[in-house]
Trainee: 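Quick one: structure below, then a few questions.
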Amino acid sequence: QVQLVESGGGSVRAGGSLTLTCSASGIVIELNSYCLAWFRQAPGKERQGVATIDDSRRTTYGDPAKGRFTIAKTNGENAIYLQLDSLNHEDTAMYYCALRRASRCPAVAGAADFTYWGQGTQVTVSS
């Protein structure tokens, strides 16, 4: 059974950085076609796509992430990462990892496009 576990969240001051990790089990990512994504959800708001990466290492970013966040996958590791830089209060949210078994990510990734989800890791940015 595929499981995704996020880690690396925490509290940080505005302007700070965090690195989130999504570790997968029950699947060897590099042996499969995949699209992996980070989403986030703030209280009272809809889940929002942050970034995606596919098995060709193509990446996409949502508008809030462009120029500040970086999604990456390291060869040989069954995990992906999300580097968060220049954080601001509006980045405060629960961050989720999601997996879709397909070789390409949707042009605009929506939550309904993904089958497997982690439990999330909280990021809190103070002013």
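Numbering of residues begins at 1 and proceeds along the displayed sequence.
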Trainee: Could you list the cluster mates of F114? Members are the ILVMFWY residues connected by side-chain heavy atoms closer than 4.5 Å, either directly or through other members.
Mentor: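 Via sub-4.5 Å side-chain contacts, F114 links to F39, M94, Y96, W117.
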Trainee: Please collect all disulfide (SG to SG under 2.5 Å) contacts where either partner lies in residues 48-112, sequence neighbours excluded, each pair once.
Mentor: C22-C97, C35-C105
Trainee: Excluding sequence neighbours, so at least two apart, what forms side-chain contact (heavy atoms from CB on, under 4.5 Å) with N75?
Mentor: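 Partners of N75 by the side-chain contact (heavy atoms from CB on, under 4.5 Å) criterion, ordered by chain and then number, come out as E30, R57.
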Trainee: Mind checking the OG-CZ spacing from S17 to R68? Nearest 0.5 Å is all I need.
Mentor: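 With rounding to 0.5 Å, OG (S17) is 10.0 Å from CZ (R68).
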Trainee: So, taking the atom named NZ in K73 and the one named OG1 in T59, what distance separates them when rounded to the nearest 0.5 Å?
Mentor: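 Going from NZ on K73 over to OG1 on T59, the span is 14.5 Å.
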Trainee: Could you tell me which residues satisfy side chain to side chain donor-acceptor pair (under 3.5 Å) with R47, sequence neighbours excluded, listed by chain and number?
Mentor: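 Per chain and number, R47 pairs via side chain to side chain donor-acceptor pair (under 3.5 Å) with Q41.
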Trainee: Can you name the side-chain contact (heavy atoms from CB on, under 4.5 Å) partners of S23, sequence neighbours left out?
Mentor: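 side-chain contact (heavy atoms from CB on, under 4.5 Å) check on S23 returns T21, A79.
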Trainee: Could you walk me through whether D54 and R100 pass the salt bridge (charged side-chain N to carboxylate O under 4.0 Å, His left out) check?
Mentor: CA-CA 9 Å; D54 69 16; R100 160 190 171 100; over 6 Å; no
Trainee: Are the side chain of N78 and the backbone of A24 linked by a donor-acceptor contact shorter than 3.5 Å?
Mentor: yes
Trainee: Suppose we screen for salt bridge (Lys or Arg N to Asp or Glu O under 4.0 Å). Which residues come up paired with D55, at least two apart in sequence or across chains?
Mentor: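 For D55, no residue satisfies salt bridge (Lys or Arg N to Asp or Glu O under 4.0 Å) once neighbours in sequence are set aside.
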Trainee: List for me each residue that meets salt bridge (Lys or Arg N to Asp or Glu O under 4.0 Å) alongside K45, sequence neighbours excluded, and say none if there are none.
Mentor: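 Testing K45 for salt bridge (Lys or Arg N to Asp or Glu O under 4.0 Å), a comparison that skips the adjacent residues, returns none.
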Trainee: Test of understanding: with side-chain contact (heavy atoms from CB on, under 4.5 Å), list the residues that count as partners of S127, not counting sequence neighbours.
Mentor: H89
Trainee: Would you please name every residue forming a side chain to side chain donor-acceptor pair (under 3.5 Å) with N32, sequence neighbours left out?
Mentor: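 With neighbours one apart ignored, the set is empty.
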Trainee: Which ILVMFWY residues can you reach from Y95 by hopping between side chains whose heavy atoms are under 4.5 Å apart?
Mentor: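 In the cluster with Y95 are V2, L4, V12, L18, L20, I27, I29, Y34, L36, W38, V50, I53, Y61, F69, I71, I80, L82, L84, L87, L99, Y116, V123, V125.
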Trainee: Before you tell me yes or no, could you show the steps for T124 and T92 under side chain to side chain donor-acceptor pair (under 3.5 Å), namely the whole-Å CA-CA distance, both residues' side-chain angles and the distance that decides it to 0.1 Å?
Mentor: CA-CA 5 Å; T124 303; T92 295; 5.4 Å; no
Trainee: Would the distance check show the side chain of T121 and the main-chain N or O of G9 forming a donor-acceptor pair, the cut-off being under 3.5 Å?
Mentor: yes
Trainee: At their closest point, which heavy atom of R58 faces which heavy atom of S103, and how far apart are they?
Mentor: NH2-O, 3.6 Å
Trainee: Between T70 and Y81, is any pair of side-chain heavy atoms under 4.5 Å apart?
Mentor: no
Trainee: Sequence neighbours left out, what passes side chain to side chain donor-acceptor pair (under 3.5 Å) with R104? Give chain and number order.
Mentor: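 For R104 there are no side chain to side chain donor-acceptor pair (under 3.5 Å) partners, ignoring immediate neighbours.
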Trainee: Is there a side-chain contact between P64 and Q48 (heavy atoms, below 4.5 Å)?
Mentor: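 In short, these two side chains touch, coming nearer than 4.5 Å.
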Trainee: For R13, what residues pass the salt bridge (Lys or Arg N to Asp or Glu O under 4.0 Å) criterion, not counting sequence neighbours?
Mentor: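 None.
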